[in-house]
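Only one structure is covered here, and it is reproduced in the block below.
In what follows, every chain begins at residue 1, and chains take the letters A, B, ... in the order their sequences are listed.
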2 protein chains.
Amino acid sequence: MALSSVVPSVSRLPKLAEQATERPNEVDTKSRILDAAEELFMEHGFEATSLRLITTAASVNLAAANYHFGSKEELFQAVLTRRLDPMNQDRMALLTAYETASGGTALTCEKIISAMFIPALKLARNHDQGGKNFLRLLGRAYADPAPFIREFLSNQYAAMIARFRAAFGRALPHLEREEVSWRLHFVMGALSYTLAGTDALKMIAQFHPEEINNDELLLKRLAPFLAAGLRAPVQATDSHQWFQET
Amino acid sequence: MALSSVVPSVSRLPKLAEQATERPNEVDTKSRILDAAEELFMEHGFEATSLRLITTAASVNLAAANYHFGSKEELFQAVLTRRLDPMNQDRMALLTAYETASGGTALTCEKIISAMFIPALKLARNHDQGGKNFLRLLGRAYADPAPFIREFLSNQYAAMIARFRAAFGRALPHLEREEVSWRLHFVMGALSYTLAGTDALKMIAQFHPEEINNDELLLKRLAPFLAAGLRAPVQATDSHQWFQET
DNA sequence: GCTAATTTCAAACAATCGTTTGATTGACTT
DNA sequence: AAGTCAATCAAACGATTGTTTGAAATTAGC
């Protein structure tokens, strides 16, 4: 917070021109902290993860976390932005590509859902970068009550949500704007819950213990479910069919 | 933990036969702690809520929390059990009532979803008991990474989940067991995410600022979405229609 | 009214938290 | 070679955490 520079210079990073064959996993302190923090925040949550746990796992000094990121909250935000920002950029770029390819005709729900999920899937496949850990961390962050987390995510997602709400509105012209907002909300809910929870992983292990590419299997189950929900007929406002006891 | 009795006797609870007109909100220490903990756990999460915050809000001594509940974790579990156990009992009882009423014919998805949601709705309507706070707390707990929370919820939900999975299996005979498990998982996800998040409340305030009975409006949007998703056609296992780039 | 059990209370416990400090290291510029 | 500046380090900061203690207060049983 009172740090002189959140982005310090690169004078002493990797001993400069060291032999590349020396140690392949040797990266700068900043990235080591981010990697360790990503895994530990996912495993224990924000409050329950101490900076000492993170810096020990990263094999760096305790003060390095505050030096490079300012505070624990800023470190958490840095962990999220590192992957979340590119992913949402990919989502919007893919949606734009679909729309220009289709000419003037409205996109199908399937296409729009693909534009949301393919970038997430691509991130999850980045095993060398621990992308799968990040998706679970993201799902947890979405349910975290801390105000600074909710504000941060709200800002990060605002542009993408607005973009996809407009696309769904064109794909489902018979739905009023409010209904489209609700259904997009439910889509995001089922997605983040599935990515965050451990239950989904348990189910995959139960039914397909040999399966490696978990996330594609997961989204292949989720996508038809969501597309059908999006296309559901609207419920009459005064209807009580759902809530009569018998 | 090392307490002599987690369930102490009732020797000094409400000053015994005090005048009922004295103070209507005068309840025993144990309930005061539970009420304050329910609200504060929902607002700040488990780790970020200190026992001093809880006991101060409840106007009781700090040591009373450990005396009556043993530990902070046991207090959290007590907060959950107090409402979760009766709600899940209600859900299963309602499902049984529907099944006996229908004779031998299988229930519709709408009926089964009703059996899941009506008890939750009934709990949310208990304004004198702060039931709405509890539903949001429950949704947050479902995304909490703490192992003792996940184990506890898994045990609490196991019987109900198994009961409803069987009902959905009979309602959707064309789906294989694995697919039914997945879709039930997605239903639980959209529900808990919607109940836990603040976004849903913001949307209600945005579109219906005058509306009071928020939860019924919310579930009236959610139920058709989920029912359509449950009835969605199955996706071919080798199909790639969802994930091709163009 | 007396004893025993239960509950409340103020105070302290050891441990851990995020953050800061000041010195030291090492690579760069001039 | 001297000096500059970013980076690392051990150590400590004050504050807060969950939990425990032992005495005081209140109630229940007889």
Exercise for the section: For the side chain of A/Asn61, starting at C-beta, report the closest nucleotide among D/dG18, D/dA10, C/dT8. Expected result: D/dA10
Handout entry: Closest listed nucleotide, where the reference is the side chain of A/Leu51 and the choices are D/dT8, D/dT19, C/dT19
Key = C/dT19
Practice task
Find the distance B/Asn66:CG to D/dT21:P and express it as a whole number of Å.
Solution key: 11 Å
Practice task
Tell me whether the OP1 or OP2 atom of C/dT6 has a side-chain N or O from B/His68 closer than 4.0 Å.
Solution key: no
Practice task
Write down the distance between NZ (A/Lys30) and C1' (D/dA6), rounded to a whole number of angstrom.
Solution key: 12 Å
Practice task
Write down the atom of A/Leu51, the atom of A/Ala65, and the distance for their closest heavy-atom approach.
Solution key: CD2-CB, 4.1 Å
Exercise for the section: Check whether any side-chain N or O of A/Thr29 sits under 4.0 Å from OP1 or OP2 of D/dT8, and answer yes or no. Expected result: yes
Practice task
Return yes when atom CD of A/Gln77 has more than 12 non-hydrogen atoms of other residues, nucleotides or ligands closer than 6.0 Å, and no otherwise.
Solution key: yes
Handout entry: Length of the line joining B/Lys72:NZ and D/dT19:P, which is rounded to integer Å
Key = 8 Å
Exercise for the section: Could you tell me the separation between the OH atom of B/Tyr67 and the C1' atom of D/dT20, rounded to a whole number of Å? Expected result: 14 Å
Exercise for the section: Would you mind classifying the nucleic acid contact of B/Thr55 as base, sugar-phosphate or nothing, using non-hydrogen atoms under 4.0 angstrom? Expected result: nothing
Handout entry: Closest non-hydrogen atom pair, B/Ala64 against B/Thr29
Key = CB-CG2, 4.1 Å
Problem - Length of the line joining B/Ile33:CD1 and D/dT19:P, which is rounded to integer Å - result: 13 Å
Practice task
Would you indicate what B/Ala63 reaches in the nucleic acid, counting non-hydrogen atoms under 4.0 angstrom: base, sugar-phosphate, or nothing?
Solution key: base
Exercise for the section: Specify the separation, in whole Å, of atom CD of B/Glu74 and atom C1' of D/dG18. Expected result: 13 Å
Problem - Matching residue for B/Val79 among B/Asp35, B/Leu34, B/Leu138, B/Ile54 - test: side chain to side chain contact (heavy atoms under 4.5 Å, CB included) - result: B/Leu34
Problem - Atom-to-atom span, CG of B/Leu40 to P of D/dT17 - whole angstrom - result: 12 Å
Exercise for the section: Look at the side chain of A/Leu62 and decide which nucleotide, out of D/dA12, D/dG18, D/dA10, has an atom nearest to it. Expected result: D/dA12
Handout entry: Residue-phosphate contact under 4.0 Å: B/Ser50 side-chain N/O, D/dT16 OP1/OP2
Key = no
Problem - Rounded distance (Å) that lies between atom C1' of D/dT19 and atom CD of B/Glu73 - result: 13 Å
Problem - Residue from A/Arg136, A/Arg83, A/Arg140 passing salt bridge (charged side-chain N to carboxylate O under 4.0 Å, His left out) with A/Glu38 - result: A/Arg83
